[in-house]
Amino acid sequence: SLCVFGYIQLDYLGTPIHMAAAQGHGMFIETLVSRKAAVNSTTVNGTTALHYAASNGHESVVRRLLRKKANVDARDSNQCTPLHLAAFYGHVKVGRLLVTSRADISAADTSQMTPLDTAIAVQNSDMYPLLRGGLLAEAKAEKEAACAMNGGGGSIDSAWVPDGSNEQQELPDLFEF
């Protein structure tokens with residue numbers, strides 16, 4: 001995954017909010033934002049303060065940035081999101097916070113890797129249940145929507161699928177490990 005390049009140290013031209021996020025200085029971020037620092041400002045590589053906080057596991061900083069309207073799905077030049085970085089570095093609490101803040105768990109980077117793919121690639125198995133669970137919740141919502149299209153009949157495990165047959169079909173279980 002290309003998501004790890006540039007996060008071990010600040011990529012060039014980072015701003016004070018990027019540095020504060022990378023180092024876990026939440027109170028400094030509060031001060032900067034109160035003085036009109038742009039929460040979603042990017043470095044030349046598209047990196048945001050939320051990327052830095054997520055990659056370094058600073059849960060309280062991630063929470064502060066999200067409260068200040070940081071873009072949970074910000075993309076850097078490699079199309080990596082903060083959730084990709086939390087998955088790569090195994091920061092489960094940060095990952096959970098991002099997922100509960102509606103981060104796109106199916107976002108693919110330029111290598112076509114999702115956050116779950118990233119966690120699997122680096123064997124951060126603590127991240128699997130969180131990312132798998134998020135994908136399963138998405139699948140369940142899609143199944144419920146399919147049931148609603150069927151006039152409310154059927155169950156979450158079977159629904160009308162527009163394949164031309166006009167028959168209810170069992171929907172497959174996803175992501176069995």
Side-chain angles (χ1 to χ4, degrees), residues 1-4 6-7 17-18 20-34 37-42 46-76 78-148 156-157 171-177:
S1 175
L2 296 174
C3 289
V4 297
Y7 296 101
I17 199 164
H18 294 109
Q23 296 174 8
H25 298 300
M27 291 304 293
F28 190 51
I29 287 174
E30 292 285 340
T31 301
L32 291 168
V33 171
S34 73
V39 173
N40 291 308
S41 66
T42 62
T47 310
T48 66
L50 190 57
H51 282 98
Y52 285 118
S55 66
N56 289 304
H58 299 307
E59 182 185 3
S60 64
V61 173
V62 168
R63 185 174 284 110
R64 285 175 194 261
L65 289 167
L66 290 171
R67 275 198 314 248
K68 300 294 182 185
K69 307 295 186 220
N71 180 358
V72 72
D73 289 320
R75 301 289 189 115
D76 67 10
N78 292 317
Q79 296 300 300
C80 298
T81 65
L83 187 55
H84 279 96
L85 299 173
F88 181 85
Y89 289 108
H91 300 305
V92 177
K93 289 180 180 180
V94 168
R96 186 173 298 115
L97 183 56
L98 294 168
V99 168
T100 59
S101 297
R102 305 179 74 57
D104 182 1
I105 58 174
S106 61
D109 64 15
T110 54
S111 298
Q112 298 306 305
M113 293 181 70
T114 66
L116 178 59
D117 296 328
T118 301
I120 290 169
V122 295
Q123 299 179 349
N124 276 332
S125 58
D126 290 345
M127 294 295 290
Y128 302 169
L130 170 69
L131 297 171
R132 243 183 18 155
L135 289 172
L136 290 172
E138 249 181 38
K140 180 180 177 185
E142 288 175 15
K143 286 182 182 182
E144 288 172 345
C147 286
I156 289 176
D157 295 321
L171 296 179
D173 286 328
L174 302 176
F175 311 107
E176 291 183 19
F177 288 93

### Task
Considering non-hydrogen atoms only, spot the tightest contact between P115 and A87 and give its length.
O-CB, 3.3 Å
### pair N124-M127: side-chain heavy atoms closer than 4.5 Å
yes
### Atom pair CD1 (I17) and CZ (F28), whose distance is rounded to the nearest 0.5 Å
9.0 Å
### Message
Under a 3.5 Å distance rule, please check whether D76 uses its side chain to pair with a backbone N or O of N78 as donor and acceptor.
### Response
yes
### Task
For D73 and A103, indicate whether the former's side chain and the latter's backbone hold a donor-acceptor pair under 3.5 Å.
no
### Task
Say whether, by atom type as modelled, one donor and one acceptor occur between the side chain of H18 and the main chain of Y52 under 3.5 angstrom.
no
#### Entry: Among T47, L50, L65, the one residue meeting side chain to side chain contact (heavy atoms under 4.5 Å, CB included) with P82
L50
### Those residues that, when tested against S60, pass side-chain contact (heavy atoms from CB on, under 4.5 Å) (two or more places apart)
none
### Summary
OG1 (T118) and CG (D109) are apart, to the nearest 0.5 Å, by 5.5 Å
### Query
Which value, rounded to the nearest 0.5 Å, describes the distance between K93 atom NZ and R63 atom CZ?
10.0 Å
### Query
In Å, rounded to the nearest 0.5 Å, how long is the span from OG1 of T110 to CD of Q112?
8.0 Å
## Note on the structure
Nearest heavy-atom approach of A20 to L32 is CB-CD1, 4.4 Å
### Query
Taking all atoms of both residues into account, what is the closest heavy-atom pair of A49 and A21, and its distance?
O-CB, 3.3 Å
### Message
Is the shortest side-chain heavy-atom distance between H58 and H91 below 4.5 Å?
### Response
no
### Side chain proximity check, L97 to L66, heavy atoms < 4.5 angstrom
yes
### Message
Tell me the closest heavy-atom pair linking A86 and V94, and the distance in Å.
### Response
CB-CG1, 4.0 Å
### Query
Is the backbone of S106 close enough, under 3.5 Å, to the side chain of D104 for a donor and an acceptor to pair up by distance?
yes
#### Entry: Non-hydrogen atoms of V39 and K69 that approach each other most closely
CG1-C, 4.4 Å
### Summary
Rounded to the nearest 0.5 angstrom, the CD1-OG1 distance for I29 and T31 is 10.0 Å
### Basic-acidic side-chain contact under 4.0 Å: R96, E59
no
### Message
If I take atom CG from residue L83 and atom OG1 from residue T114, how far apart are they, to the nearest 0.5 angstrom?
### Response
9.0 Å
### Task
For H84 and M113, indicate whether the former's side chain and the latter's backbone hold a donor-acceptor pair under 3.5 Å.
yes
### Query
Is the side chain of S41 donor-acceptor paired with the backbone N or O of A37 at a distance under 3.5 Å, no angle test?
no
### Query
Can any side-chain N or O of H51 pair as donor or acceptor with the backbone N or O of L85 at less than 3.5 Å?
no
### Task
List the atom of T81, the atom of A107, and the distance in Å for their closest heavy-atom pair.
CG2-CB, 4.0 Å
